[in-house]
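Data first, discussion second: the structure below is written as structure tokens.
Residue numbers begin at 1 in each chain, while the letters A, B, ... track the order of the sequences. Note that the structure is predicted; figures quoted are calculated from it, not measured. Below, each value reflects all heavy atoms present in this structure, side chains not excepted, and no hydrogens, waters or symmetry copies.
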There are 2 protein chains.
Amino acid sequence: MSDPLSKRRLKMWIRLLGVTRAAEGELREFLRVRHDTTLPRFDVMAALYRRREGVTMSELSRMLLVSNGNATTVVDRLEKDGLVRRTPSETDRRTVHVALTPEGLAQFEGLAAEHEAEVSRLFAGLSEADLDSLTDILKRMRGA
Amino acid sequence: MSDPLSKRRLKMWIRLLGVTRAAEGELREFLRVRHDTTLPRFDVMAALYRRREGVTMSELSRMLLVSNGNATTVVDRLEKDGLVRRTPSETDRRTVHVALTPEGLAQFEGLAAEHEAEVSRLFAGLSEADLDSLTDILKRMRGA
DNA sequence: CGCAATAATTTCAAGCTTGAAATTTCATAC
DNA sequence: GTATGAAATTTCAAGCTTGAAATTATTGCG
């Protein structure tokens, strides 16, 4: 199992983790300093922005790859701040729909463009060709 | 700022985060189920394994890209379990050296090969050529 | 129908993580 | 040599995260 290919995959994973953590750190600081918010809050709002009609708690945690309990607490805090709203489902009383409030939508729209610019700045070293091959590889990694 | 290249970089980042989180989730489960440990504990032990002579707390948190306070608490727990040891520096009384104990070393060596195999399994879809271009791109992302 | 299995969500304890403040020690510039 | 600033570590409060247990609701099988 410790063939050269396996070792290379391990080195790649360590490198990948380093790049991701460094970028997350920069984005976290950006969100904190410039917008007084956090990465998990941003992630939830971005997911709700993409699905304007709202999602269930389970869908939300699947989208973000976090546990149900985690989604609950982040949504709790956003709801207390008036940025998202829970609505009980009409057809299934176990289910809850979450969506951005108008305030949440407004805040996110004020954030999104700057966030995109920050991400673009972080990865300014990547050309179109880099993005082509990287995207191709990432797609195949996800499937594996 | 919202040119097509910027949008592509953002999509790539979201995809990258997805791949990383999915892999982290699998590794976390692997460590929990098969070795009764966690990702941050593993990360610390792996860093100390690479630097067998020991590192300072500051070096450790720089290596892992975590805050000093975080390194302190993870090392606290590992020390309580007898897997790492703190030693005061002889030349600078502010500084502390951390290193694996013999027990820590033995445990990590029992873990390392299986961990590598698991990582390799997770990224089995990547060929040598993929690793070439991916490594090249990741190197340039880190510098940016 | 009745009930067992499944599903959606929340709750909970434990651990992780950050960023800021506090503590102790060292370096250096007068 | 003394004070001022910088550095290494820990502490702390707050928030994040997990995984398991608890709760409530639905489904489907007999």
Side-chain angles (χ1 to χ4, degrees), chain A residues 17 20-22 24-45 54-81 83-98, chain B residues 17 20-22 24-45 54-81 83-98:
Chain A
L17 214 43
T20 305
R21 286 192 184 161
E24 275 186 324
E26 303 240 27
L27 277 180
R28 185 181 298 115
E29 179 173 4
F30 164 77
L31 290 173
R32 178 175 54 83
V33 171
R34 313 277 298 233
H35 295 284
D36 191 33
T37 187
T38 67
L39 222 33
R41 290 170 71 103
F42 180 85
D43 287 347
V44 166
M45 295 182 74
V55 299
T56 68
M57 291 299 294
S58 296
E59 283 175 314
L60 185 59
S61 53
R62 269 195 303 275
M63 288 170 80
L64 303 180
L65 300 179
V66 299
S67 66
N68 284 348
N70 184 8
T72 293
T73 71
V74 178
V75 167
D76 281 351
R77 276 185 282 268
L78 288 172
E79 192 173 35
K80 188 165 358 181
D81 292 346
L83 299 171
V84 310
R85 180 175 35 232
R86 280 181 170 96
T87 320
S89 161
E90 311 221 326
T91 60
D92 185 338
R93 283 192 295 182
R94 293 170 303 180
T95 301
V96 179
H97 294 281
V98 201
Chain B
L17 214 44
T20 305
R21 286 193 184 160
E24 275 186 323
E26 302 241 27
L27 277 180
R28 183 181 300 115
E29 178 174 3
F30 164 76
L31 290 173
R32 177 174 54 85
V33 171
R34 312 277 298 230
H35 296 283
D36 191 31
T37 187
T38 66
L39 223 32
R41 291 170 70 105
F42 179 86
D43 286 347
V44 166
M45 295 182 73
V55 298
T56 68
M57 291 300 293
S58 296
E59 284 175 314
L60 185 58
S61 52
R62 268 195 303 274
M63 289 170 79
L64 303 181
L65 300 180
V66 300
S67 67
N68 284 348
N70 184 7
T72 293
T73 71
V74 178
V75 167
D76 281 350
R77 275 185 283 267
L78 288 172
E79 192 172 33
K80 188 166 356 179
D81 292 346
L83 300 170
V84 311
R85 179 174 36 231
R86 279 181 170 96
T87 320
S89 161
E90 310 219 327
T91 60
D92 185 338
R93 282 190 296 179
R94 294 170 302 180
T95 301
V96 180
H97 294 280
V98 201

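Atom CG in B:Leu78 sits about 12 Å away from atom P in C:dG15, given to the nearest Å. Taking atom CD on B:Glu24 and atom C1' on C:dT17, their separation rounds to 13 Å, with Å as the unit.
Between B:Arg86 and D:dA8 there is no side-chain polar atom (N or O) within less than 4.0 angstrom of OP1 or OP2. Of the side-chain N and O atoms in A:Thr38, none sit less than 4.0 angstrom from OP1 or OP2 of C:dT18. When the side-chain nitrogen and oxygen atoms of A:Arg93 are compared with OP1 and OP2 of C:dA8, none of them lie within a distance under 4.0 Å.
Using a 4.0 Å heavy-atom cutoff across all strands shown, B:Thr73 reaches at least one base atom of the nucleic acid. When heavy atoms are screened at a 4.0 angstrom cut-off, B:Thr72 is found touching base atoms of the nucleic acid. Residue contacts shown for A:Arg21 are absent, as no nucleic acid heavy atom lies under 4.0 Å away. Within 4.0 Å of B:Arg62, counting heavy atoms only, lies no atom of the nucleic acid at all. A:Asp92 comes within 4.0 angstrom of sugar-phosphate atoms only, judged by non-hydrogen atoms across all strands, and of no base. Base contact: A:Asn70 has a heavy atom under 4.0 Å from a base atom. Residue-level contact check: B:Ser67 touches the bases, meaning some heavy atom is under 4.0 Å from a base atom.
Of all nucleotides listed (C:dT9, D:dT17, D:dT9), D:dT17 comes nearest to the side chain of A:Val74.
Of the inter-residue distances, the one linking B:Glu24 atom CD with A:Leu65 atom CG reads 10.5 Å to the nearest 0.5 angstrom.
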Notebook entry, point to check: Can you list the steps and then say if A:Arg86 with A:Asp76 is a salt bridge (Lys or Arg N to Asp or Glu O under 4.0 Å)?
Noted result: CA-CA 9 Å; A:Arg86 280 181 170 96; A:Asp76 281 351; 2.9 Å; yes
